[in-house]
Protein chains: 2
Amino acid sequence: MKDCLKLENQLCFPLYAASREVIRKYKPFLDEINLTYTQYIAMMVLWDMKEINVKELGNKLYLDSGTLTPLLKTLESKGYISRSRSSSDERNLMICLTSEGSKLSEKASLIPAKIGKCICLSDEEAMTLYNILYKILGNGE
Amino acid sequence: MKDCLKLENQLCFPLYAASREVIRKYKPFLDEINLTYTQYIAMMVLWDMKEINVKELGNKLYLDSGTLTPLLKTLESKGYISRSRSSSDERNLMICLTSEGSKLSEKASLIPAKIGKCICLSDEEAMTLYNILYKILGNGE
DNA sequence: TACAATTTAATTGTACACAATTTAATTAAT
DNA sequence: ATTAATTAAATTGTGTACAATTAAATTGTA
C-alpha cells in the first residue's frame with residue numbers, strides 16, 4: 001500500500017481529530033450554560049456584535065443557513081436571541097442578543113481559561129498553530 | 001465584552017473551521033470515488049490493515065460505534081468491505097477489505113497530491129502543524 | 001459452576017454540516 | 001413598469017458525531 005494513503009501521513013486527519021477532541025473538552029463547561037459548541041461560537045459573535053443577519057453570521061462562522069436556521073431557532077427558544085426580519089430588506093433575518101443572552105457572557109467568560117488548562121500548548125505553540133490555521137482558512141479566498 | 005470571548009481570540013474556532021475547510025477541499029476528489037471524508041479515513045485504515053474490528057477502528061479514528069456502525073454498513077453496501085463476527089469472540093465485528101475495496105486505493109492514492117496543491121503550506125509549516133496537532137491529540141491520554 | 005462485572009456493537013435520540021432546491025424579496029435590465 | 005436575474009433564508013435529504021441505553025458475549029470471582 002502506498003505510504004501517501006497511510007493515516008499517519010495525513011495532515012487532514014489530525015486536524016479533523018484534534019478539532020473534535022478540543023470541542024469535546026468544551027462539552028462539560030458548555031453543558032453548565034446549556035449551549036452546544038456551535039451555539040457557543042454563534043453566541044460569541046453576538047456577544048461581540050449585538051446584532052447581525054444570518055448571512056453575515058454564516059460568513060464569520062463558515063456555516064450556511066441550513067445549519068444556522070435550526071440552530072438559531074434553538075437559541076431563540078432558549079431565550080438568548082431574537083429573530084426578526086429587517087424592515088429595510090425583508091430578505092434579511094436579524095439576530096439580536098436578548099438581555100438573557102447578554103447575561104450569559106458572564107458565565108461564559110470563565111470558560112476560555114478553563115480550556116487553556118486542558119490543552120497544554122506553550123504560548124509559542126498556540127500562536128504558531130493559530131497563524132497556520134488562519135493561513136489555511138485564508139487559502140480559499 | 002471581554003476579549004477572551006471574541007471569536008478571533010479563540011484557538012478552537014480556527015481549528016474547527018480549518019478542519020471543515022480542508023474536508024471541503026477533499027469533496028470533489030472524494031465524489032469521484034463515491035466516498036465521504038469519514039468513509040475515506042476509515043478506508044485508509046483498511047487499506048493499511050486489511051482487517052480490523054470496530055473497536056480498534058474507532059480507537060484509530062477517535063470515533064465510536066454510534067458513528068461507525070451506520071458508516072460501515074454503507075461501505076458494505078458499496079461493496080468495499082465485509083462485516084462478520086469474529087469466530088473466536090462473537091462480540092467483535094471484523095471489518096475486512098474486499099477486492100473491490102482494495103482496488104479503490106489505486107484511484108485514492110492520487111488524492112493526497114491533489115490536496116497538497118490546494119492547501120499551500122510550506123513543508124516546514126505542514127510539519128509544525130502536524131506535530132502540534134498530535135500534541136493536542138496526545139494531551140487526553 | 002453460577003453469577004456479577006465487563007466488553008463490544010447496535011440502537012436511540014439530538015444536533016450539527018452541507019448539498020440542492022424552494023420561496024420570497026429586491027435589484028437590474030429592457 | 002415588467003420581467004429577468006440575483007439574493008437571503010428556509011426546507012429537504014443524507015451523513016455524520018456523540019451521549020446514553022440496550023443486548024449479547026465473555027471474563028472474573030465467590
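Since this is a predicted model, take the numbers as computed values, not measurements. As a basis for the values below, the full set of heavy atoms in this structure was taken, side chains included, without hydrogen atoms, waters or symmetry mates. Throughout, protein chains are lettered first and strands after them, A, B, ... in sequence-line order, and every chain is numbered starting at 1.
- D:dT14 atom C1' lies 13 Å from atom CG of B:D31, rounded to whole Å.
- Sorted by first and then second residue, the ring pair (Phe, Tyr, Trp, His ring centres under 6.0 Å) pairs involving residues 104-131 of chain B (not counting sequence neighbours) are B:Y130-B:Y134.
- Between A:T74 and C:dA15 there is no side-chain N or O to OP1 or OP2 distance below 4.0 Å.
- Between A:Y26 and A:Y40, the ring-plane angle classifies as tilted under the 30° and 60° cut-offs.
- More than 12 heavy atoms of other shown residues, nucleotides or ligands fall within 6.0 angstrom of atom CG in B:D31.
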Give the intermediate values and the outcome of salt bridge (charged side-chain N to carboxylate O under 4.0 Å, His left out) for residues A:E125 and B:K135.
CA-CA 10 Å; A:E125 285 169 328; B:K135 183 166 180 186; 2.9 Å; yes

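- Here the nucleotide nearest the side chain of B:K27, chosen from C:dA17, D:dA17, C:dA19, is C:dA19.
- Base engagement by A:T67 is indicated by at least one non-hydrogen atom pair under 4.0 Å involving a base atom.
- For A:D64 and D:dT12, the CG to P distance is 15 Å, given to the nearest whole Å.
- In this structure, B:T36 reaches the D:dT16 phosphate: one of its side-chain N or O atoms is under 4.0 Å from OP1 or OP2.
- Atom P of nucleotide D:dT16 and atom CG of A:L63 are separated by 19 Å, given to the nearest angstrom.
- The shortest distance between the side-chain N/O atoms of A:Y37 and the OP1/OP2 oxygens of D:dA17 is not below 4.0 Å.
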Nucleotide by nucleotide, nucleotides 2-10 of chain D touches protein heavy atoms under 4.0 Å in the pattern (B base, S sugar-phosphate only, - none) -----BSBB

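- If you check D:dA30 for Watson-Crick or wobble pairing at under 3.5 angstrom, you find it paired to C:dT1.
- No more than 12 heavy atoms of other residues, nucleotides or ligands shown are found within 6.0 angstrom of CE on B:M127.
- Between A:E76 and A:K73 there is no salt bridge, since no side-chain N of the basic residue sits under 4.0 Å from a carboxylate O of the acidic one.
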Just do the side chain to side chain contact (heavy atoms under 4.5 Å, CB included) check on B:N34 and B:L104 with the steps written out, would you?
CA-CA 10 Å; B:N34 190 31; B:L104 198 65; over 6 Å; no

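- Looking at which nucleotide of DNA chain D each of B:K78 and A:R24 is closest to, the 5′-most match is held by B:K78.
- In this structure, A:R20 atom CZ and C:dA17 atom P are separated by 12 Å, rounded to whole Å.
- Contact between the side-chain N/O atoms of A:Y16 and the OP1/OP2 oxygens of D:dT16 is not found at any separation under 4.0 Å.
- For A:L71, whose side chain is taken as the heavy atoms from C-beta onward, the closest listed nucleotide among C:dC16, C:dA19, D:dA19 is C:dC16.
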